[in-house]
Amino acid sequence: MTAYTINLDPIVKLTREQFYELCAANPELKLERNVNGELVIMSPTGGETSAWNSDLNTDLNIWNRQDQLGKVFDSSGGFSLPRGSDRSPDAAWIPIEKWNALTPEQRKKFLPLCPDFAIELLSPTDSWIKGLAKMQEYQDNGCRLGWLIDPESKRVAIYRLGQPLEILEAPISLSGEDVLLGFVLNLENIWSSL
């Protein structure tokens with residue numbers, strides 16, 4: 001997925017509400033807003049990346065349905081992060097307590113919080129460096145566990161709140177650790193299809 005960044009600051013500084021309205025008026029576009037207020041426009045993914053994204057969300061949702069400990073969100077779900085950006089991870093999860101604390105109006109728009117867990121899956125045209133920066137942004141906003149998965153290089157960057165970054169080469173699986181108790185994501189289908 002190729003991403004283009006547009007700096008609107010010389011012309012206008014979009015508020016969160018204006019950004020939400022812009023997204024609602026252009027549902028065919030996948031838009032994010034970085035912490036600098038710049039628009040990030042992303043193209044659709046190819047079939048391979050889309051299928052992997054679907055598998056990631058399916059696995060996460062099946063795990064979540066067992067004990068219904070939270071809510072799972074796909075790449076269409078927007079999060080208004082505490083430090084000012086608006087992002088849409090490829091997969092995300094929040095504990096049910098956070099969901100229950102939201103008002104009905106907050107649930108209808110971009111969620112005004114950072115997910116406790118986020119996955120970003122790089123497509124062939126994505127930048128590893130930009131992916132790392134995006135994951136760091138999630139962590140800086142309170143994300144407790146994050147995975148940046150790079151299928152082409154068969155590597156994963158693991159972000160844990162308050163801990164140094166860990167990079168694994170071709171792991172067979174990833175553990176949800178103490179954030180997603182009992183969740184294990186099998187990566188063999190991604191690595192083997194390359």
Candidate pair Leu148 and Arg155, rule side-chain contact (heavy atoms from CB on, under 4.5 Å), full reasoning: CA-CA 8 Å; Leu148 175 63; Arg155 62 184 167 181; over 6 Å; no

Which distance, rounded to the nearest 0.5 Å, do you find between the [atom1] of [X] and the [atom2] of [Y]?
X: Asp90; Y: Asn53; atom1: CG; atom2: CG; result: 4.0 Å
X: Ser88; Y: Leu31; atom1: OG; atom2: CG; result: 9.0 Å
X: Leu122; Y: Lys130; atom1: CG; atom2: NZ; result: 12.0 Å
X: Leu56; Y: Ile190; atom1: CG; atom2: CD1; result: 5.0 Å
X: Trp93; Y: Asn57; atom1: CH2; atom2: CG; result: 14.5 Å
X: Trp52; Y: Ile119; atom1: CH2; atom2: CD1; result: 14.0 Å

Connected via hydrophobic side-chain network under 4.5 Å: Leu29 and Tyr20: yes

Is there a side-chain contact between [X] and [Y] (heavy atoms, below 4.5 Å)?
X: Leu185; Y: Ile149; value: yes
X: Leu145; Y: Ile158; value: yes
X: Trp63; Y: Val72; value: no
X: Lys30; Y: Ser75; value: yes
X: Asn64; Y: Phe183; value: no
X: Leu180; Y: Leu60; value: yes

Nearest heavy-atom neighbours spanning [X] and [Y]:
X: Ala118; Y: Pro89; result: CB-CB, 4.0 Å
X: Phe19; Y: Leu39; result: CE1-CD2, 3.5 Å
X: Pro171; Y: Leu174; result: CG-CD2, 4.1 Å
X: Ser173; Y: Val184; result: CB-CG1, 3.7 Å
X: Ile96; Y: Gln68; result: CB-O, 4.3 Å
X: Val179; Y: Phe117; result: CG1-CB, 4.3 Å

Passing option when Glu120 is tested against Tyr159, Tyr138, Trp147 for side chain to side chain donor-acceptor pair (under 3.5 Å):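 Only one of Tyr159, Tyr138, Trp147 forms a side chain to side chain donor-acceptor pair (under 3.5 Å) with Glu120, namely Tyr138.
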
What donor-acceptor contacts under 3.5 angstrom involve side-chain atoms of residues 76-85, with partners at least two apart or in another chain?
residue: Ser80; atom: OG; partner: Asp86; partner atom: OD1; Å: 2.6
residue: Arg83; atom: NE; partner: Asp140; partner atom: O; Å: 3.3
residue: Ser85; atom: OG; partner: Glu137; partner atom: OE2; Å: 2.2

Check: Ser50 main-chain N/O paired with Ser54 side-chain donor or acceptor under 3.5 Å: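 Such a contact is absent between Ser54 side chain and Ser50 backbone.
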
Distance-only donor-acceptor pairs under 3.5 Å for side chains of residues 101-113, two or more places apart:
residue: Thr103; atom: OG1; partner: Gln106; partner atom: N; Å: 3.0
residue: Thr103; atom: OG1; partner: Gln106; partner atom: OE1; Å: 3.4
residue: Gln106; atom: OE1; partner: Thr103; partner atom: N; Å: 2.8
residue: Arg107; atom: NE; partner: Trp99; partner atom: O; Å: 3.3
residue: Arg107; atom: NH2; partner: Trp99; partner atom: O; Å: 3.0
residue: Lys109; atom: NZ; partner: Glu17; partner atom: OE1; Å: 3.1
residue: Lys109; atom: NZ; partner: Glu17; partner atom: OE2; Å: 3.0

Side chain to side chain donor-acceptor pair (under 3.5 Å) involving Thr15 - partner list, sequence neighbours excluded: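 By the side chain to side chain donor-acceptor pair (under 3.5 Å) rule, Thr15 matches Gln18.
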
Member of Asn7, Leu14, Leu8, Ile6 meeting the side chain to side chain contact (heavy atoms under 4.5 Å, CB included) criterion with Glu38: Asn7

Short N-O contact, Glu166 and Arg160, less than 4.0 angstrom: yes

Worked check of side-chain contact (heavy atoms from CB on, under 4.5 Å) between Leu121 and Thr45: CA-CA 10 Å; Leu121 177 68; Thr45 63; over 6 Å; no

